[in-house]
Amino acid sequence: MAKLSSVFGMKTFRQNQQKAIITTMDGRDVLVLMPTGGGKSLCYQLPAICQTGKTRGVTFVISPLLALMSDQVQSLMQKGIDVVCFSSDQSDETNTEAWRKLTGKRKPALAYVTPEKLESSDKMRDTMRRLYDNKELARFVIDEAHVISSWGRNFRTAYKHLDRLRRDYPDVPIMALTATANKKTRKDIIDRLGIGNCEVLLQSFNRPNLHYTVRHKRKGKLGIEDMATFIKSEHPNETGIIYSNSRDKCEEVAKELREKYGLRAKHFHAKMHNEDKRRVQKGWQDGEFEIIVATIAFGMGIDKRDVRFVIHYSLSKSLDAYAQETGRAGRDGQPSDCVLYYGSSDVNTLINQIRGDEDLSQEDKRLQINEVWQMAYYCLNDVDCRRAQLLAFFDQPFDPKDCDASCNNCVEPKELKQEDVTRQATNAVKLLQSMLEREAHITQALCVNTLRGSKSAEVTKKDFDKLPLHGSAADMPMNQVQRLFTLLYCLSAFDIHTVSNGNWNYEYMKVPVKSLLYCHC
Ligand code: ADP
Ligand code: ZN
C-alpha cells in the first residue's frame, strides 16, 4: 500500500478501489462498476506492480481504445513502471521491443493489448500459453467491459470471443471494469466472461457536483447565441467542452464563438491531421484556450480535472453515452454544468445515421434506435428530476428530493398544463396502424397531417382522408400533435414498424403509463 503514494502520488483510496484490489490480489474475479472519473485504472495498475505470492506475473489489460491505451502507457512509463503495449498504430520498432520484453527474462508488469490482437495473433496466444504454464500470468483486465455486451452500441466482435480467456486459462483471475451499470449489461458481461462467482462492486453513479440542464434549440442559430451568453455569464474564462455530432458544425460553432462573441474556442474532430489534433488537445489541456468544440472523438482518456462545463450542441447517441460524456466535467468535485441543447431534427439525424450504417445488423439498429428515443425522452421530459431520470437508466433509484435543485426540472418546476391525452394517443396509434396496412413506410409528418384532418395531395392520394380517424385531432395545434407522436415513439422506444405489429411497450424508464399525461407550457 506504500506504493499508493510512492508510485501514484495518492493519499487514500476512493470508494471500492481497495476492495477491487484486494479481491483481485486474492485471485478472485471482480466486476468493477464506477462512473467516468471514478478511478478505475488504479484498481488494476496497483496490483500489477505488486509482484508477490499469488499475484506474480504479467497483468494483461484488454482495452478497445487505442488513444486510451497509449495515454495510460505513457503515464505509467513516466512513473517508472515496466509496461508494454501491442497495438496496430505503433512503430515496428516499438512492437519488436514489446515482444522482446514479453518473451525475455524480466517480464513487464503490464501488457496492454487490443481484443483483436489477442484473438488473431498466434504469436500472442503461444506467448500467453507459455506465461501461463510458467505461472507468470497474473490476471486479465477487461477495460470498457460493456463493449462485450451485444446490447452495447460499440459492439466489437473480438470482444465477444473473450469467453475464451476463462476456458483457456481457467485459474487466472479476471477483472472487468465499466462505467455502464445497467442490469442487463452487467449480466451480459458476467455471462460472457464466464465469471459467475465474481465479486460485483457497485457504487452510486450519482455525480452530485454536476448540474443538469436541457434547453430547446430554437430556429436558426439561437443555440449558439444562447450558449455564448451562458458561458460568458456563468463560466467566464473557465474550461469547457462543447460536443456536436458533425465535423462541419464543430468548425462553424468554434468560429462563431470566436469571431462573434470573442470566446477562446477551437474545434477538434477525427478528420483533422494527427499533428493538428495533438496541438489542439495539448493547447486546451495546458490552458492556452478554454473551449474545445468537438465530436465525441474527443474526450476518451482525457484527464483534465477542472472542466467546468460540458455542453451538448447535439444529442448523444444514448443516455449511457450522455452520462459518460458529461462525466468529463467536474472531476475535481467542484460544481460544474452539463447543458444539452435539444432539437427534434437531431433525433432524425441520429436515427438516419443508424439506419444507414451498413455494419449494423437489423437487431443492432433496432436497439440503437431505441436508445436514441430514450435520450430524446430525457430531453422532452421537462417534469421529472433529470438526475433521477439518468440514474433510473442505470437501475439506481434516486429520490428527487435529494437533487437539491441541481437540475433544471427541479430548479424551475414549471406551471404545466396537464392534459390526459389517452384518447388522442390511442387514436394516433390506431390511425398509424391503419395507414401502415396500406403503405409500408409512413413519415411522422404524414401521420400528423392525417390526424389533424389535412386534405393535402399526399393525404388524399392514398385515400387517408377516408380513414375513420382522419381529422380526429383537428382541435389540437400542430406542434402539440407533433410532440404527441414524438412522445409516443419515445415511450414505445420501438421503431414505427414494430408499433404496427401491436408490440406496444408502455412500460418505459420505470414510468408505467396507464393513461398518457401530456404536458405543455
Ligand atoms: P476512470 O478510468 O474511472 O474514468 P481514472 O482511472 O482515469 O478514472 O481516474 C480519474 C482521475 O482520478 C485520475 O486523475 C486519477 O489520477 C484520479 N484518482 C484515481 N484514484 C485516486 C485516488 N485514490 N486518490 C486521488 N486521485 C485519484
Ligand atoms: Zn433534479
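Ligands are counted one by one from 1 in listed order, and the atoms in each one are counted from 1 as well.
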Report all protein residues having a heavy-atom distance below 4.0 Å to some atom of ligand 1; order the list by chain, then number.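 For ligand 1, the residues that come within the 4.0 Å heavy-atom cutoff are Met10, Thr12, Phe13, Arg14, Gln17, Pro35, Thr36, Gly37, Gly38, Gly39, Lys40, Ser41, Asp303, Arg305, Arg331.
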Check whether NZ of the Lys or CZ of the Arg Lys117 lies under 6.0 Å from the centre of the six-membered ring of Phe86 and within 45 degrees of that ring's axis. no
Assess Lys19 against Phe13: is NZ or CZ under 6.0 Å from the centre of the six-membered ring, and within 45 degrees of the ring's axis? no
For the Zn ion (ligand 2), which protein N/O/S atoms fall under 2.8 Å? Skip waters.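 Checking every protein N, O and S atom gives Cys385 SG, Cys403 SG, Cys407 SG, Cys410 SG.
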Is the centre of the Tyr169 ring less than 6.0 Å from the centre of the Phe140 ring?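 Between Phe140 and Tyr169, which both carry aromatic rings, the centre distance is below 6.0 Å.
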For the CG atom of Leu201 and the OG1 atom of Thr23, what is their distance to the nearest 0.5 Å? 5.5 Å
Do you know which of Arg308, Arg328, Arg331 makes side-chain hydrogen bond (donor to acceptor under 3.5 Å, both in side chains) with Ser336? Arg308
Can you give the donor-acceptor pairs under 3.5 Å from side chains of residues 73-85 to other protein atoms, not counting sequence neighbours?
residue : atom : partner : partner atom : Å
Ser75   : OG   : Lys79   : NZ           : 3.4
Asp82   : OD1  : Lys101  : NZ           : 3.1

Enumerate, atom names and distances included, each donor-acceptor pair closer than 3.5 Å involving a side-chain atom of residues 37-48, sequence neighbours excluded.
residue : atom : partner : partner atom : Å
Lys40   : NZ   : Met34   : O            : 3.1
Lys40   : NZ   : Pro35   : O            : 3.4
Tyr44   : OH   : Gln72   : OE1          : 3.1
Gln45   : NE2  : Gln72   : OE1          : 3.2
Gln45   : NE2  : Tyr112  : OH           : 3.3

Ser314 side chain vs Asn245 backbone, donor-acceptor pair below 3.5 Å: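 Flag set: sc Ser314 to bb Asn245 pair under 3.5 Å.
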Only residue of Tyr322, Phe393, Tyr212 satisfying ring pair (Phe, Tyr, Trp, His ring centres under 6.0 Å) with Tyr378 is Tyr322
